[in-house]
J.: 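Below you will find the structure I want to go over with you.
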Amino acid sequence: MNLSAKEQGGKALNKRIAVYPGSFDPPTAGHLNIVKRGTEIFDQVIVAVSQSTSKKYLFSTEERVELWRKLLKRIPRARVESFSGLLVNYVESKGTKIILRGLRNVTDFEYEIQMAITNKALKPRLETVFIMTEGTYSHLAASLIKEIVMMGGKVTGMVPPEVEKELKRKLRAK
Ligand code: PNS
């Protein structure tokens with residue numbers, strides 16, 4: 001069936017795009033798992049790396065984006081961008097209303113529910129959708145992973161190999 005340009009445009013707009021925001025300092029195996037599973041639910045997942053000026057990151061925005069670029073080579077329906085300012089404005093600018101977040105435990109839930117409700121108050125048409133972590137990733141936290149590498153421990157399996165390499169390079173140079 002041949003669709004008119006307008007219909008095709010409409011179709012593109014109807015694509016289910018999910019924005020997966022986070023600090024990702026650095027991306028872990030758990031984050032990657034959420035993106036993979038997200039692309040099985042949504043037509044496209046945009047990983048949105050936060051450029052917050054109030055948080056102190058180990059990796060610069062460009063480095064975090066570059067790490068994701070490498071990881072997403074194997075996931076065709078996912079791509080990465082960075083964003084600054086309010087998440088809800090960024091999500092709207094992408095022509096979607098879906099924010100995707102991963103959940104590991106009750107501590108995450110308390111933080112997430114506050115963010116989801118605040119984002120909903122700011123832009124009522126937006127929805128936050130949660131994917132529960134797979135058991136193997138429930139203990140992973142970027143902060144702990146950095147500490148382990150800094151103290152010479154092994155993080156194989158906790159982060160993708162590309163990230164492990166960069167973490168070692170960065171932390172051991174310190
Ligand atoms: O990986 P993180 O640190 O839990 O991600 C938090 C993030 C980046 C999603 C959140 O801090 C955020 O949305 N920042 C953008 C600024 C904003 O919109 N703040 C209001 C959130 S309710």
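Remember, predicted model here, so these are calculated numbers, not experimental data. For ligands, and for the atoms within them, numbers begin at 1 and follow the listed sequence. Heavy atoms only: backbone and side chains are in, while hydrogens, waters and symmetry mates are out. Along the sequence shown, the residues carry numbers beginning at 1.
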J.: Closest non-hydrogen protein atom to atom 22 (S) of ligand 1, residue and atom name please, with distance?
T.: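 Sorting protein heavy atoms by distance from atom 22 (S) of ligand 1 puts Asn119 OD1, 3.5 Å first.
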
J.: Report yes or no: does Tyr90 have a heavy atom closer than 4.0 Å to ligand 1?
T.: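 No, that is not the case, since the closest heavy atom of the residue is not under 4.0 Å from the ligand.
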
J.: Looking at atom 6 (C) of ligand 1, what's its closest protein heavy atom, distance included?
T.: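 Going by distance alone, atom 6 (C) of ligand 1 is nearest to Tyr111 OH, 3.5 Å.
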
J.: So is Leu87 polar-close to ligand 1, meaning N/O to N/O under 3.5 Å?
T.: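 Yes, there is a polar N/O contact under 3.5 Å.
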
J.: Taking Asp25 for the side chain and Phe59 for the main chain, is one N or O donor matched with an acceptor at less than 3.5 Å?
T.: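 Yes, Asp25 side chain to Phe59 backbone: donor-acceptor pair under 3.5 Å.
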
J.: In ligand 1, which numbered atoms sit nearer than 4.0 Å to a non-hydrogen atom of Lys55?
T.: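 Every atom of ligand 1 under 4.0 Å from some heavy atom of Lys55: 3 (O), 6 (C), 11 (O).
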
J.: What's the shortest distance from atom 3 (O) of ligand 1 to any protein heavy atom, and which residue and atom give it?
T.: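 It is Ser23 OG, 2.6 Å.
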
J.: Does a donor on one side chain and an acceptor on the other come within less than 3.5 Å for Thr39 and Gln44?
T.: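 No, no side-chain donor-acceptor pair sits under 3.5 Å.
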
J.: Who gets closest to atom 16 (C) of ligand 1 by heavy atom: Ser50, Gly85, Ser84?
T.: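 It is Gly85 whose heavy atom sits nearest to atom 16 (C) of ligand 1.
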
J.: Check whether the side chains of Ser54 and Ser52 place a donor and an acceptor atom closer than 3.5 Å, and report yes or no.
T.: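 Yes - a donor-acceptor pair under 3.5 Å links their side chains.
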
J.: Given Asp25, Asn89, Leu86, Asp108, which one has a non-hydrogen atom that is nearest to atom 20 (C) of ligand 1?
T.: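 Nearest heavy atom to atom 20 (C) of ligand 1 lies in Leu86.
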
J.: Considering Arg101, Glu112, Met115, His31 one by one, which has a heavy atom nearer to atom 5 (O) of ligand 1 than any of the others?
T.: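 Ranked by closest heavy atom to atom 5 (O) of ligand 1, first place is Arg101.
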
J.: Between Thr118 and ligand 1, is there a nitrogen or oxygen pair with a distance under 3.5 Å?
T.: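 Between Thr118 and ligand 1, no N or O pair is found under 3.5 Å apart.
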
J.: Looking only at protein heavy atoms, identify the closest one to atom 14 (N) of ligand 1 and say how far it is in Å.
T.: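 Sorting protein heavy atoms by distance from atom 14 (N) of ligand 1 puts Phe83 CZ, 4.4 Å first.
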
J.: Do Thr61 and Gln51 get their side chains close enough for a donor-acceptor pair, meaning under 3.5 Å?
T.: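 Distance-only check fails for Thr61 and Gln51.
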
J.: Around atom NZ of Lys97, are there more than 12 heavy atoms from other residues, nucleotides or ligands closer than 6.0 Å?
T.: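 Incorrect, the count does not exceed 12.
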
J.: Without swapping roles, check the side chain of Arg64 against the backbone of Ser50 for a donor-acceptor pair under 3.5 Å.
T.: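 It does hold such a pair.
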
J.: Between Tyr90 and Glu81, is any side-chain donor less than 3.5 angstrom from a side-chain acceptor?
T.: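 Yes.
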
J.: Give the intermediate values and the outcome of salt bridge (charged side-chain N to carboxylate O under 4.0 Å, His left out) for residues Arg69 and Glu66.
T.: CA-CA 5 Å; Arg69 208 162 269 141; Glu66 194 44 42; 3.4 Å; yes

